[in-house]
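This report refers to the structure that appears directly beneath it.
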Amino acid sequence: MRPRSKPAAEPVPDSAVPLLKRLDREFYDRDTQLVARELLGNYLVRVSGGVERIGRIVEVEAYLGPHDLAAHSARGRTERTKIMFGPPGHAYVYLIYGMHCCLNVVTEPEGQAAAVLIRAVEPIKGIEDKTSGPGLLCRAMQIDRRLNGHDLLSDDFYVAAGPGHPPLRIARRPRIGVDYAGHWARRLLRFYIRGNPFVSRA
DNA sequence: TGCACGATGAAC
DNA sequence: TTCATCGTGCAC
């Protein structure tokens with residue numbers, strides 16, 4: 001195979017990034033709050049246009065299922081939310097406010113419409129723009145609705161295990177922007193790495 | 001077929 | 001606090 005005639009880009013492996021081991025299906029096929037907490041510190045990897053972008057997940061929110069009035073699945077299975085009802089380990093990407101995309105990972109067994117919203121990542125590799133906020137991180141990592149339903153065990157879009165150390169100090173807070181959800185708005189379902197400067201709101 | 005309303009971000 | 005901007009879900 002001949003070398004590609006692409007201009008000398010950047011694709012040199014960054015020695016600061018540990019070996020990336022992709023999370024398996026079983027990781028996502030568990031209790032949503034547990035998955036949410038354990039996603040913190042792991043690497044979100046997106047490969048597009050020959051460029052690998054990596055962000056360390058520092059802030060997430062858990063959406064527990066149809067009984068959770070803040071979850072999109074609370075209004076039942078619709079064209080938009082059908083991915084949430086599908087098998088775990090897939091991306092649920094939707095457009096919000098007519099202009100921003102938000103990324104979720106689907107959790108729990110098929111039929112249980114739960115997911116974890118990725119709210120912020122810390123830039124690790126190949127990222128130029130701001131990543132503190134669900135819409136911003138999608139823009140910075142080239143994630144859009146074409147990835148809705150995408151399998152997160154694929155080669156171009158996945159989550160890989162972080163270093164696992166040092167131990168994370170995790171904070172819990174109410175979720176953002178769900179005041180319409182009654183008492184569910186007060187549940188402590190937002191998790192973030194305490195003190196991390198890339199968290200969108202402390 | 002029409003319309004109200006966001007799991008946001010940026011500006012003022 | 002206001003506003004940009006448009007797909008979705010549900011009312012009619």
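Every heavy atom of this structure was used, including side-chain atoms; hydrogens, water molecules and symmetry mates were not. Chain letters run A, B, ... following the sequence lines, proteins first, then strands; residues in each count from 1. This is a predicted model, so every value here is computed, not measured.
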Rounded interatomic separation in angstrom, taking CG from A:Asp144 and P from C:dG7:
13 Å

Take the protein atom CZ of A:Arg75 and the nucleotide atom P of B:dA4, then report the distance between them rounded to whole Å.
15 Å

Grab the CG-P distance between A:Asp179 and B:dG6 for me, whole Å please.
10 Å

Yes or no on side-chain contact (heavy atoms from CB on, under 4.5 Å) for A:Arg37 and A:Arg172, after CA distance, side-chain angles and deciding distance?
CA-CA 10 Å; A:Arg37 293 180 70 94; A:Arg172 299 185 61 165; 4.1 Å; yes

Heavy atoms, side chains only, cut-off 4.5 Å: are A:His90 and A:Tyr28 in contact?
no

Check the distance between B:dG6's P and A:Leu117's CG and give it to me in whole angstrom.
16 Å

Taken to the nearest whole Å, CZ/A:Arg175 to P/B:dA7 is 11 Å

Note: contacts of residues 85-113 of chain A with DNA chain C (heavy atom, under 4.0 Å) are A:Leu95, A:Tyr97, A:Gly98, A:Met99

Quick one: is B:dG9 close enough that its OP1 or OP2 comes under 4.0 Å of any side-chain N or O from A:Arg139?
no

Just N and O in the side chain of A:Arg145: are any of them under 4.0 Å from OP1 or OP2 of C:dT8?
yes

In whole Å, what is the span from the CZ atom of A:Arg201 to the C1' atom of B:dG9?
12 Å

Provide the Watson-Crick or G-U wobble partner of C:dC6, both distances under 3.5 Å; none if there is no partner.
B:dG6

Please state how far atom CZ in A:Arg77 lies from atom P in C:dT8, giving the value in whole angstrom units.
16 Å

Whole angstrom value for the distance that separates C1' of C:dG9 from OH of A:Tyr180
14 Å

Look at the side chain of A:Arg46 and the backbone N and O of A:Gly55, then say whether any donor-acceptor pair between them is shorter than 3.5 Å.
no

Determine whether more than 12 heavy atoms belonging to other residues, nucleotides or ligands lie under 6.0 Å from atom CZ of A:Arg194.
yes

Could you tell me whether the side chain of A:Pro174 reaches within less than 4.5 Å of the side chain of A:Leu188, counting heavy atoms only?
yes

A:Lys130 vs B:dG9: side-chain N/O to OP1/OP2 distance below 4.0 Å:
no

Main chain of A:Met84, side chain of A:Thr81: is a donor-acceptor contact present, judged purely on distance under 3.5 Å?
no

Please find the pair of heavy atoms, one from A:Ser200 and one from A:Ala120, that lie closest to each other, and give the distance.
N-CB, 4.2 Å

